[in-house]
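Structure first, then comments.
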Number of protein chains: 2
Amino acid sequence: MLGGPPNPEIRRTLKAAGLRSTRQRHALASVLLRHGNRHVTAETLHAEVRAEGVKVSLATVYNTLHSFTRAGLLRELMVESGPSYFDTNTTPHHHFLDQRTGVLTDIPNGRLRVTGIPSPPESGEIAGVEVIVRVHSGGPE
Amino acid sequence: MLGGPPNPEIRRTLKAAGLRSTRQRHALASVLLRHGNRHVTAETLHAEVRAEGVKVSLATVYNTLHSFTRAGLLRELMVESGPSYFDTNTTPHHHFLDQRTGVLTDIPNGRLRVTGIPSPPESGEIAGVEVIVRVHSGGPE
DNA sequence: GTGTTTGCAAAGTGTTTGCAATTTA
DNA sequence: TAAATTGCAAACACTTTGCAAACAC
């Protein structure tokens, strides 16, 4: 399903990000951007492209995830110990973290507000605010 | 400064937490609880007790940090890739993270509010809300 | 004395890196 | 063909673990 000819739209996306369109990057971008918002780790993404028959090394998956992040195509989330997550939703938003399953879910940018932030120490500027709402779901009955 | 006789208050704290008062745990607790709120990693704490002349292995520091966390004496923060931080302030509060220096600072429990959290997926219950305010400070002139 | 804790070294995870071979533009 | 990218294996940072010796109660 992925060995075919390059998709011109993905090629354009990579170009626009200043990245050469290689077979590996194309396959990764294609999987990442195929559905809506996703939270992947290097391992899960690697498994996914390989399952489609594309040969990519794990090191390349790491490199590519970072390139994509630098290019603004992804956002990196360091939520727990364990692997980093990469979020295909790069707009400002926050997350639910299910403590039992480890699953991350977007909190849609909407009603959630953080107010009353005091001014930062060291005369610094606020670069971003991240909210994690830890949830414990009741497990399967 | 730390090789002396055990401090009875620290012994009591450990006892109350259901932990035997060993030389190592006593030294670690003593350093941790000496000043106000602190953010330590296993490495920084290890260096600190050893600088006081107490011999403790790094493995024991890790074990002890987790015991203390389980006992409610510390709170673990996983803020970035890199090492875990342990916070001696176990009351609900949030943090500034200086992106340049990596330094964590408490946001005192006060005006900061998170409002408009939608109900969690999977009929889960909210177990906690964590806010990280990323700050970029202007570096030393 | 008995069960707990320690320290070491080894193993484990997740990630990065050096570098030769390959590929892209 | 020049510059970028890949893949491998080795290195890396942080953390956990197995187990014998040491220790607290």
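A, B, ... follow the sequence lines: proteins, then strands. Residue 1 opens every chain.
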If you check every side-chain atom of [X], which of [options] has the closest atom?
{"X": "B:R20", "options": "D:dA4, C:dG3, C:dG7", "answer": "C:dG3"}
{"X": "B:S57", "options": "D:dT5, C:dA25, C:dC8", "answer": "C:dC8"}
{"X": "A:R25", "options": "D:dT17, C:dG7, D:dT6", "answer": "D:dT6"}
{"X": "A:Q24", "options": "C:dT15, D:dT6, D:dC25", "answer": "D:dT6"}
{"X": "B:Y62", "options": "C:dT15, C:dT4, D:dT15", "answer": "D:dT15"}
{"X": "B:T22", "options": "C:dA9, D:dA24, D:dT6", "answer": "D:dA24"}
{"X": "A:H66", "options": "C:dT16, C:dT4, D:dC25", "answer": "C:dT16"}

Without decimals, in angstroms, what is the distance between [X] [atom1] and [N] [atom2]?
{"X": "B:L19", "N": "D:dA24", "atom1": "CG", "atom2": "C1'", "value": "13 Å"}
{"X": "A:R11", "N": "C:dT23", "atom1": "CZ", "atom2": "C1'", "value": "13 Å"}
{"X": "B:R23", "N": "D:dA22", "atom1": "CZ", "atom2": "C1'", "value": "10 Å"}
{"X": "A:M78", "N": "D:dA13", "atom1": "CE", "atom2": "P", "value": "18 Å"}
{"X": "A:K55", "N": "C:dA21", "atom1": "NZ", "atom2": "P", "value": "18 Å"}
{"X": "B:L65", "N": "C:dT5", "atom1": "CG", "atom2": "P", "value": "15 Å"}
{"X": "B:N63", "N": "D:dA22", "atom1": "CG", "atom2": "C1'", "value": "16 Å"}
{"X": "B:L58", "N": "C:dT6", "atom1": "CG", "atom2": "P", "value": "13 Å"}

(message) One thing to verify: whether B:R70 and B:E76 come together as a salt bridge, which I'm taking to mean a side-chain N less than 4.0 angstrom from a carboxylate O.
(response)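 No.
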
(message) I'd like to know if A:E122 pairs up with B:R100 as an ion pair, taking the criterion as any Lys NZ or Arg NE/NH1/NH2 lying under 4.0 Å from an Asp or Glu carboxylate oxygen.
(response)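 The answer is no: the pair does not qualify as a salt bridge.
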
(request) Could you check whether A:S81 gets within reach of a base, just the sugar-phosphate, or nothing at all, counting any heavy atom under 4.0 Å? (result) nothing

(request) Report which part of the nucleic acid A:T41 touches: base, sugar-phosphate, or nothing (heavy-atom distance under 4.0 Å, all strands). (result) nothing

(message) Nearest heavy atom decides the nucleotide; on that basis, is B:S21 or B:A42 closer to the 5' end of DNA chain D?
(response)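 Taking each residue's closest nucleotide, the earlier one in sequence belongs to B:A42.
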
(request) Between A:G18 and A:A59, just flag the one whose closest nucleotide in DNA chain D comes earlier from the 5' side. (result)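 Per heavy-atom nearest nucleotide, the more 5' residue is A:G18.
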
(request) Working to the nearest 0.5 Å, report the span between CD1 of A:I10 and NZ of A:K15. (result) 14.0 Å

(request) Flag yes if more than 12 heavy atoms outside B:E125 fall under 6.0 Å of its CD atom; otherwise flag no. (result)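 Count not over threshold, so no.
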
(message) With heavy-atom distances below 4.5 Å as the criterion, would you say the side chains of B:R75 and B:N89 are in contact?
(response)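 A side-chain contact under 4.5 Å is absent here.
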
(request) Evaluate the side-chain proximity of B:L73 to B:T69: yes if any heavy-atom separation is below 4.5 Å, no if none is. (result) no

(request) State whether a side-chain donor-acceptor pair under 3.5 Å links B:N109 with B:H94. (result) no

(message) For B:R20, is there any backbone N or O sitting under 3.5 Å from a side-chain donor or acceptor partner on B:R25?
(response)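 Present.
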
(message) Roughly what angle, to 10°, lies between the helix axis at the start of the helix from C:dG1-D:dC25 to C:dA25-D:dT1 and the one at its end, five pairs per end?
(response)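 Rounded value for the end-axis angle: 30°.
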
